[in-house]
Amino acid sequence: MKANVKKIAEKTYQLSTDYKSDMKVPGNIYLDDILFKNLEEDVFEQIANVACLPGIQKYSLAMPDCHYGYGFCIGGVAAFDEKTGVISPGGVGFDINCGVRLLKTNLTKKDVDSNLKGLLQEIFKNVPSGLGSKGKIKITKNEIDNVLEEGVDWASSEGYAWKNDYRHIEEHGKMKNADASLVSDNAKKRGLPQLGSLGSGNHFLEVQYVDEIFDENAAKAYGVEKDQVVLMIHTGSRGLGHQICADYLRYMESASKKYNIKLPDRQLACAPISSEEGMRYFNAMSAGANYAWVNRQLVTNWIRESFEQVFKMSAEDLEMDIIYDVAHNIAKKEQHIIDGKMKNVIVHRKGATRAFGPGHDEIPSEYVKIGQPVIIPGDMGTASYLMHGTEKAMNETFGSTAHGAGRALSRVQALKLYKGNEVQEKLQKKGILVLADSKGVIAEECPEAYKDIETVANVCNDSGISLKVAKMRPMGVVKG
DNA sequence: ATGTAC
């Protein structure tokens, strides 16, 4: 056992405050014994560093899929008091509001099997993907400000969303505090041509089928049943979010000095939430988040059109509603019970999913008894999970859980060990069709490059920070 | 993740 780290509960480890000087709170990490044994020491250090920041509440947290990241680890969750705490771009990440959306259909695996290739090709044709990919809608420089400030409301007014889509999106697809004037011209210039594109790396679109139901009641509420075909969309804010993050990291470096914040790591550059600098970052980040929601909305629109083309039916008749859309790189103003009192905090979730429990007023009425849907994608050869938020998450993790399988191999390692063609053939033998913008990305993203999604889902489930509803298996994959 | 650097 590592020094100053102990197991405190089922699948829960704790870094005590004497792990490192200046820690204000302990660090809690959700892991099984094997994940714990294999976790890099650097990640413990990053969790401890975050625990040193001003105004942090209760614990510096890491989810089961945690690994090393810029400043905060990926899988890191931290809440800061709105009066005494800080906000940090490193606690959100470069891809602001990277997230996952799940769409339903009323088709079964059998209905889609014979059309799969044509369907996947149609989706691949209709949704721009790849590094530097450009969207196919033309918007003006003035219009981008509306995208940034109105989010999915903009997409609705332009005819890219159904009337009720917004109800099944976190924040209804719109951070109201977003301020486009705080986003640099350079960020807008990068974002303008890319709106409505998948991007590359771990971003993907998947045609999946529901393989197993764990909770019939929750599955029914979410509109999910065995053998049903669903669509998973994983993308974020593209070059625009990346540029906002880069711009504000530089800005925050001087702010940290101005406010005399002692940083254990320069990558944790931050500013008081109550300061001009902190507020500006929050409002710019929110604009980036809105762009990402519009991006997933446009992709949704083209997936619906692709299904219409292939199945010669309207997307309405195919019941292609949004099950839910989660952000997994974001900071939010939320209220949580701390020391028995309701408190206003800023929750940073960096590679972590909100997992609000039953009864929370931000959950749509048809899901409120179950808890918020949580979407956890795995690797392209294995499975993904639909889970639900819990009261335990509210009490222990500020209503947060894992966001994915987490990488086991770096991109460079995966490229050395695997060939895109071979990975594609091997998946095809398993009945999984893969279309990609480049062969390299298939090798980088091969199943072996990821940790076991079953382990991650089980740690979430067994620790109780989210509970399994359904397991989905991939049928067709589009990679950037 | 990302016009894989300013």
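Below, chain A is the first sequence line, B the second, and so on; all start at residue 1. Hydrogens, waters and symmetry mates are skipped; everything else that's a heavy atom, side chains included, is used. Note that the structure is a prediction, hence the values are computed from the model and not measured.
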For [X] and [N], give me the distance from atom [atom1] to atom [atom2], rounded to whole Å.
| X | N | atom1 | atom2 | value |
| --- | --- | --- | --- | --- |
| Lys134(A) | dG3(B) | NZ | P | 11 Å |
| Asp247(A) | dT2(B) | CG | C1' | 13 Å |
| Tyr248(A) | dT2(B) | OH | P | 21 Å |
| His242(A) | dA5(B) | NE2 | C1' | 11 Å |
| Arg238(A) | dT4(B) | CZ | C1' | 14 Å |
| Asp437(A) | dT2(B) | CG | P | 12 Å |
| Leu195(A) | dG3(B) | CG | P | 14 Å |
| Gln243(A) | dC6(B) | CD | C1' | 12 Å |

Q.
If you take the centroid of each ring, where Trp contributes its six-membered ring, are His234(A) and His403(A) closer together than 6.0 Å?
A. no
Considering every strand and a 4.0 Å limit on heavy-atom distances, what is the contact class for [X]: base, sugar-phosphate, or nothing?
| X | answer |
| --- | --- |
| Gly236(A) | nothing |
| Arg250(A) | nothing |
| Arg190(A) | base |
| Gln194(A) | sugar-phosphate |
| Asn186(A) | base |

Q) Does Arg407(A) or Leu131(A) map to a spot on DNA chain B nearer the 5' end, using the closest nucleotide for each? A) Arg407(A)
Q. Are a donor atom and an acceptor atom from the side chains of Asp165(A) and Gln297(A) found within less than 3.5 Å of each other?
A. yes
Q.
Over 60° means perpendicular and under 30° means parallel, so tell me whether Phe72(A) and His348(A) are parallel, tilted or perpendicular.
A. parallel
Q. Quick one: are Arg296(A) and Asp325(A) in side-chain contact, heavy atoms under 4.5 Å?
A. yes
Q: Please confirm whether Lys174(A) makes a cation-pi placement over Tyr166(A), using NZ or CZ under 6.0 Å from the six-membered ring centre and within 45° of the ring normal.
A: no
